[in-house]
Amino acid sequence: MSQQPEADDGEQLGLECPKCCCWDFRAYYTRRQAKRIRRVKICRHCGQRITTTERIVG
Ligand SMILES: [Zn+2]
């Protein structure tokens, strides 16, 4: 039992690589805007790049 998600400022989990189905992403860049955060992540295994947008609540 050592599966602890990396502490990353409130990052949502549940991201799965569409290519290789792994869960191992690293952040490529993070851009903070007024009410949302945009992240680009790259799969450590296959290099697939995905973009996520998170909304800031509150
Ligand atoms: Zn992948």
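Note that the structure is predicted; figures quoted are calculated from it, not measured.
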For [X] versus [Y], what's the shortest heavy-atom pair and its separation?
{"X": "Ala34", "Y": "Ile56", "value": "O-CD1, 4.5 Å"}
{"X": "Leu15", "Y": "Phe25", "value": "O-CE1, 3.9 Å"}
{"X": "Gln48", "Y": "Lys19", "value": "OE1-CD, 3.2 Å"}

Query - Connected-component partners of Tyr28 among ILVMFWY, side-chain separation under 4.5 Å - result: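 Same cluster as Tyr28: Tyr29, Val40, Ile42.
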Query - From SG (Cys43) to CD1 (Ile50), nearest 0.5 Å - result: 8.5 Å
**Report entry** Inter-residue atom distance His45.NE2 - Cys22.SG, 0.5 Å rounding
**Finding:**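 Result: 4.5 Å between the selected atoms.
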Requested in this report: Measure the shortest side-chain to side-chain distance between Glu54 and Arg39 over non-hydrogen atoms and say whether it is less than 4.5 angstrom.
Outcome: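 Answer yes - side chains close enough.
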Report task. Report the C-alpha distance between Thr30 and Ile37 in whole Å, list the side-chain angles of each, state the deciding distance to 0.1 Å, and finish with yes or no for side-chain contact (heavy atoms from CB on, under 4.5 Å). Result -> CA-CA 7 Å; Thr30 303; Ile37 299 175; 3.5 Å; yes
